[in-house]
Amino acid sequence: HTPGPWSTYLNTMDSIVVRKMGVSGYEIAHIAIVRTGIQDARLIAAAPELLEALKTAHAHIADDVLRASIGNLIAKATGGQQ
């Protein structure tokens, strides 16, 4: 898994590229090339931050049903099991 943050840009082929930028300002990885729309690309680009937010919520939620639901989402995102 390539750690975030990720960003998006429209390339010359009318596709949206989700990428990881390095500290030097250069692109270091293409995460995805999306042809279905900017909304999908933005969701993919937000994935690392969304996962971290879920992990934080999971650690602080007392409600067992909600906690299990969040745990299942984390497992789905990471390929693990809760």
Side-chain angles (χ1 to χ4, degrees):
H1 151 43
T2 304
W6 298 345
S7 61
T8 60
Y9 78 95
L10 180 64
N11 72 9
T12 58
M13 300 171 67
D14 292 330
S15 299
I16 297 113
V17 175
V18 179
R19 65 185 175 173
K20 167 72 177 174
M21 300 299 287
V23 207
S24 62
Y26 292 99
E27 180 180 288
I28 59 172
H30 271 138
I31 308 303
I33 297 175
V34 181
R35 293 179 177 84
T36 57
I38 189 68
Q39 294 85 1
D40 292 340
R42 287 179 180 151
L43 182 59
I44 292 167
E49 292 151 290
L50 290 169
L51 179 58
E52 288 308 310
L54 281 174
K55 288 178 178 178
T56 299
H58 188 257
H60 294 93
I61 298 274
D63 180 279
D64 290 339
V65 174
L66 185 55
R67 187 172 167 80
S69 179
I70 292 171
N72 288 334
L73 288 170
I74 293 169
K76 185 175 184 179
T78 60
Q81 292 183 349
Q82 287 289 322

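Residues take their numbers from the sequence shown, with the count starting at 1. Keep in mind that what you see is a predicted model, and the values were worked out from it rather than measured.
Listed here is the closest heavy atom pair of Leu51 and Ala77: CD1-CB, 4.1 Å. Closest of all the heavy-atom pairs between Ala45 and Val18 is CA-CG1, 3.8 Å. When all heavy atoms of Ala41 and Thr8 are compared, the pair lying nearest together is O-CG2, 3.6 Å. Shortest non-hydrogen contact noted between Ala57 and Ile70 is CB-CD1, 4.1 Å.
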Practice task
Could you walk me through whether Ile16 and Asp40 pass side chain to side chain contact (heavy atoms under 4.5 Å, CB included), step by step?
Solution key: CA-CA 9 Å; Ile16 297 113; Asp40 292 340; over 6 Å; no
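More than 12 heavy atoms of other residues, nucleotides or ligands lie within 6.0 Å of CZ in Arg19, so this atom counts as buried by the packing criterion. Atom CG of Asp63 is surrounded by more than 12 heavy atoms from other residues, nucleotides or ligands within 6.0 Å.
Distance CG/Leu50 to CD1/Ile74: 11.5 Å, rounded to 0.5 Å. Distance check: Asn11 CG to His30 NE2 gives 7.5 Å after rounding to the nearest 0.5 Å. Note: Leu66 CG to Ile61 CD1 = 4.5 Å, rounded to the nearest 0.5 Å.
In this structure, Ile38 and Leu10 have side chains that are not in contact, with every pair of non-hydrogen atoms separated by 4.5 Å or more. Glu52 is listed as a side-chain neighbour of Lys55, based on a closest heavy-atom distance under 4.5 Å.
Each of Ile31 and Val17 belongs to its own hydrophobic cluster when Ile, Leu, Val, Met, Phe, Trp and Tyr are linked at side-chain heavy-atom distances under 4.5 angstrom.
Side-chain N or O atoms of Lys20 include none that pairs as donor or acceptor with a backbone N or O of Glu27 at under 3.5 Å. Under the 3.5 Å distance criterion, the side-chain polar atoms of Ser69 are left unmatched by any main-chain donor or acceptor of Val65.
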